[in-house]
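FYI, side chains are in, hydrogens and waters are out, and symmetry mates aren't considered; it's all heavy atoms of this structure.
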Amino acid sequence: MEVTVRFFTVLRELTGYKEIKVELEEKASLQELLSKLSARFGEKFTEYVFDEKGNVKSHLQLLIMA
């Protein structure tokens, strides 16, 4: 399935994109999406999104639309 990811504020600056399309497996989790984005956008993105244990940082706000 294809999903649209919109970036705001710091994440827009880190990625250089306002919006991208990402191909995921059917029934993929949010964790899988964020891991795929982390692989694509590198260390700064990863450090901003994940804590040292690999959990999504609590300050992030994510909007999921179906």
Side-chain angles (χ1 to χ4, degrees):
M1 78 177 144
E2 184 179 76
V3 297
T4 301
V5 178
R6 292 184 183 152
F7 299 107
F8 300 95
T9 63
V10 175
L11 287 175
R12 185 178 290 179
E13 292 175 23
L14 288 174
T15 64
Y17 292 91
K18 178 180 180 181
E19 179 178 293
I20 64 167
K21 304 243 185 244
V22 178
E23 190 65 35
L24 295 171
E25 304 244 346
E26 245 355 271
K27 298 185 182 181
S29 68
L30 178 59
Q31 183 73 30
E32 291 169 313
L33 171 61
L34 290 174
S35 293
K36 195 166 198 171
L37 293 172
S38 186
R40 178 173 176 176
F41 293 112
E43 186 177 345
K44 288 184 180 183
F45 180 94
T46 302
E47 289 174 355
Y48 187 78
V49 173
F50 297 103
D51 67 17
E52 62 280 345
K53 294 181 181 178
N55 298 313
V56 176
K57 290 184 178 177
S58 61
H59 73 274
L60 289 178
Q61 294 183 1
L62 305 167
L63 172 64
I64 301 169
M65 298 172 51

Nearest non-hydrogen partners of [X] and [Y], listed with the distance:
X     : Y     : result
Tyr48 : Leu14 : CB-CD1, 3.7 Å
Phe50 : Ser35 : CZ-N, 4.2 Å
Met1  : Glu25 : CE-O, 3.4 Å

task: Apply ring-ring contact (aromatic ring centres under 6.0 Å, His included) to Phe7 and list each qualifying residue two or more places apart in sequence or on a separate chain.
output: Phe41
task: Rounded to the nearest 0.5 Å, what's the gap from NE2 on His59 to CG on Asp51? Could you check?
output: 10.5 Å
- request: Give a yes or no answer on whether the side chain of Glu32 reaches the backbone of Ser29 with a donor-acceptor pair at less than 3.5 Å.
  value: yes
statement: Residue pairs meeting side-chain hydrogen bond (donor to acceptor under 3.5 Å, both in side chains), one or both in residues 10-24, sequence neighbours left out, come to Thr4-Lys21, Arg6-Glu19
- prompt: Pick from Leu30, Val5, Leu33: which one makes a side-chain contact (heavy atoms from CB on, under 4.5 Å) with Leu62?
  reply: Leu30
- request: Please indicate whether Gln61 has more than 12 foreign heavy atoms, meaning atoms of other residues, nucleotides or ligands, lying under 6.0 Å from its CD.
  value: no
